[in-house]
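What follows is a single structure, written as structure tokens, with notes after it.
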Amino acid sequence: GNSVTQMQGQVTLSEEEFLFINCTYSTTGYPTLFWYVQYPGEGPQLLLKVTTANNKGSSRGFEATYDKGTTSFHLQKASVQESDSAVYYCVLGDAGSWQLIFGSGTQLTVMP
Amino acid sequence: GGIITQTPKFLIGQEGQKLTLKCQQNFNHDTMYWYRQDSGKGLRLIYYSITENDLQKGDLSEGYDASREKKSSFSLTVTSAQKNEMAVFLCASSPGTGQDTQYFGPGTRLLVL
């Protein structure tokens, strides 16, 4: 079945440092891949979305590239801010299903 | 745009009690979802509904019932609250399938004494 793996449970950075959050996926189909972000006390919200038609997505300075060869969908940002502190989820969606498959999440803490 | 409203925001229950959580959306979306989020963990799907009066079980449906009385609302019932249970229940909606963005409510925080 479909699955998503996020190995980094926690990432701590200082402001203006480079962010890289690792995500790999497994599927037999042609998935849509998402990154969702969840701030304290709120529900997750969409950060960016990439389909098979366009292999790269970006939003608010974040970027993710859909690599079918390595089945990876890593999240990057060149320079983080304290306001980026949140939990980031890598998520897989499939046209043949109504369900989204969530990774376990990565807690990002950015120190001022 | 639209909004998802979840009530109540906080719910404190007793062991063995039946507890009901409610969700309303004004996106006019067909599909609605209930997830459970435990501290430090990801989201696990409890139930979803692809249209009014439809119900589909997720991986975590045991111990829960759900009801989709109309397109805009989706209720979740904890059939028998477990002592010391603590979790956040998140409601979401989307226009259709797994290729569509899901929009989440702020959550209901449950504590069972």
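Throughout, a chain's letter reflects where its sequence line sits, starting with A, and its residues are numbered from 1.
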(message) Can you confirm whether more than 12 heavy atoms, excluding those of E62(B), are under 6.0 Å from its CD atom?
(response) no
(message) Within the supplied structure, the quantity of interest is the number of heavy atoms (other residues, nucleotides, ligands) at a distance under 6.0 Å from L113(B) CG; does it exceed 12?
(response) yes
(message) If I measure from the heavy atoms of chain A, does T31(B) come under 4.5 Å with its side chain, its backbone, both, or neither?
(response) side chain
(message) Tell me whether the count of non-hydrogen atoms from other residues, nucleotides or ligands lying under 6.0 Å of OH in Y30(A) goes above 12.
(response) no
(message) Is Q6(A) close to chain B through its backbone or its side chain, or both, or neither, when contacts mean heavy atoms under 4.5 Å?
(response) neither
(message) Using heavy-atom distances under 4.5 Å, tell me whether Y103(B) contacts chain A through its side chain, its backbone, both, or neither.
(response) neither
(request) Might you point out which heavy atoms bring T32(A) and Q99(B) nearest each other, and give the distance in Å? (result) OG1-CG, 3.4 Å
(message) Test of understanding: clusters of I, L, V, M, F, W, Y form through side-chain heavy atoms closer than 4.5 Å, transitively. Do L21(B) and F74(B) belong to the same one?
(response) yes
(request) Could you pull out the closest heavy-atom pair between K49(A) and D100(B), with the gap in Å? (result) NZ-CA, 4.1 Å
(request) Let me see the working for Y35(B) and L100(A) under side chain to side chain contact (heavy atoms under 4.5 Å, CB included), right down to the final yes or no. (result) CA-CA 11 Å; Y35(B) 292 90; L100(A) 293 182; 4.2 Å; yes
(request) Please report the shortest heavy-atom distance between L90(B) and G43(A), naming the atom on each side. (result) CD2-CA, 4.0 Å
(message) Please determine whether residues Y36(A) and V87(A) belong to a single hydrophobic cluster, defined as Ile, Leu, Val, Met, Phe, Trp and Tyr linked transitively by side-chain heavy-atom distances below 4.5 Å.
(response) yes
(request) Working to the nearest 0.5 Å, report the span between CD of E42(A) and CZ of F104(B). (result) 13.0 Å
(request) Examine whether an atom of L43(B) lies under 4.5 Å from a heavy atom of chain A, and if so say whether it belongs to the side chain, the backbone or both; otherwise answer neither. (result) both
(request) Could you check which of G103(A), G93(A), P44(A) has the highest count of heavy-atom pairs closer than 4.5 Å to chain B? (result) P44(A)
(message) Please classify the contact between Q6(B) and chain A as side chain, backbone, both or neither, with a heavy-atom cut-off of under 4.5 Å.
(response) neither
(message) Is there a path of hydrophobic side-chain contacts, each under 4.5 Å between heavy atoms of I/L/V/M/F/W/Y residues, joining Y89(A) to L108(A)?
(response) no
(message) Could you measure the distance from the CG atom of L45(B) to the CH2 atom of W98(A)? Nearest 0.5 Å is fine.
(response) 13.5 Å
(message) Distance check, rounded to the nearest 0.5 Å: Q102(B) atom CD versus F102(A) atom CZ?
(response) 5.5 Å
(message) Quick check on K71(B): does its NZ atom have over 12 non-hydrogen neighbours (other residues, nucleotides or ligands) under 6.0 Å away?
(response) yes
(message) Can you confirm whether L111(B) is buried at CG, in the sense that more than 12 heavy atoms of other residues, nucleotides or ligands lie under 6.0 Å from that atom?
(response) yes
(request) May I ask you to check whether over 12 heavy atoms, not counting those of K56(A), lie within 6.0 Å of atom NZ? (result) no
(message) What part of R109(B) gets within 4.5 angstrom of chain A, counting heavy atoms only: side chain, backbone, both, or neither?
(response) side chain
